[in-house]
Amino acid sequence: MSEAERFVVHLTVLAADLAAAHVLARALTRSLGFLPQVQVGETTLSAEGDLSGQHQVFCDRRLPHRRRCLLRPGHPDGCTHNLRCR
């Protein structure tokens, strides 16, 4: 594998509806976010079998120091890179 080559792990976890999927995705990212390989801000959801209709879990705006905003998409306040601050 060259240094430029990267791979993405797709982990299928099922939830009853979109709201439950958001809660589950945020809980999973909180529990795994300490791993440097986990790109928390790039977490998305989709309906089962429809990868073309993905929903962002986090705002994901770029912040200083190569960080991303980890609040919900469309949040009214300023961005933050800390999941626990709000």
Side-chain angles (χ1 to χ4, degrees):
M1 180 172 99
S2 71
E3 288 185 34
E5 192 174 28
R6 297 182 345 162
F7 294 88
V8 176
V9 175
H10 301 275
L11 173 66
T12 302
V13 181
L14 301 177
D17 55 40
L18 185 58
H22 272 272
V23 169
L24 183 56
R26 293 179 76 80
L28 287 169
T29 55
R30 282 188 184 99
S31 67
L32 297 174
F34 70 94
L35 296 169
Q37 298 88 348
V38 175
Q39 301 295 310
V40 174
E42 296 179 19
T43 304
T44 59
L45 305 169
S46 65
E48 186 174 16
D50 181 14
L51 295 178
S52 64
Q54 294 189 1
H55 302 268
Q56 284 185 277
V57 175
F58 299 100
C59 164
D60 202 28
R61 286 189 193 116
R62 295 214 182 254
L63 301 172
H65 308 293
R66 300 182 66 193
R67 294 184 173 177
R68 293 178 182 262
C69 178
L70 298 179
L71 297 177
R72 297 180 195 286
H75 62 86
D77 300 327
C79 292
T80 183
H81 68 274
N82 188 344
L83 282 172
R84 303 193 194 293
C85 80
R86 295 186 187 186

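Just so it is clear, the values below take in all heavy atoms, side chains as well, and ignore hydrogens, waters and symmetry mates.
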> Residues two or more places apart in sequence or in another chain: which of them pass side-chain contact (heavy atoms from CB on, under 4.5 Å) with Glu42?
Replying inline: Gln39, Asp60, Arg68

>> On a heavy-atom basis, which atom in Ala25 and which in Thr43 lie closest, and how many Å separate them?
In response: CB-CG2, 4.1 Å

> Considering residues at least two apart in sequence or located in another chain, which fulfil the side-chain contact (heavy atoms from CB on, under 4.5 Å) criterion with Val13?
Replying inline: Leu11, Leu24, Leu28

>> If the condition is side chain to side chain donor-acceptor pair (under 3.5 Å), which residues does Gln56 pass it with, not counting sequence neighbours?
In response: none

>> Test of understanding: with side chain to side chain donor-acceptor pair (under 3.5 Å), list the residues that count as partners of Thr44, not counting sequence neighbours.
In response: Gln54

> Quick one: do Val23 and Leu32 end up in the same hydrophobic cluster if we chain Ile, Leu, Val, Met, Phe, Trp and Tyr together by side-chain heavy atoms under 4.5 Å apart?
Replying inline: no

> What residues, two or more places apart in sequence or in another chain, satisfy side-chain contact (heavy atoms from CB on, under 4.5 Å) together with Leu14?
Replying inline: Thr12, Glu48

>> Ignoring hydrogens, what is the shortest heavy-atom contact between Ala20 and Ala16? Give both atom names and the distance.
In response: CB-N, 4.4 Å

> Shortest non-hydrogen contact from Leu63 to Cys79?
Replying inline: CD2-CB, 3.7 Å

> What residues, two or more places apart in sequence or in another chain, satisfy side-chain contact (heavy atoms from CB on, under 4.5 Å) together with Ala47?
Replying inline: Asp50

> Per the side chain to side chain contact (heavy atoms under 4.5 Å, CB included) rule, which among Arg26, His22, Arg72 passes with Phe58?
Replying inline: Arg26

>> Using every non-hydrogen atom in the two residues, find where Cys69 and Cys59 come nearest and quote the distance to one decimal.
In response: SG-CB, 3.7 Å

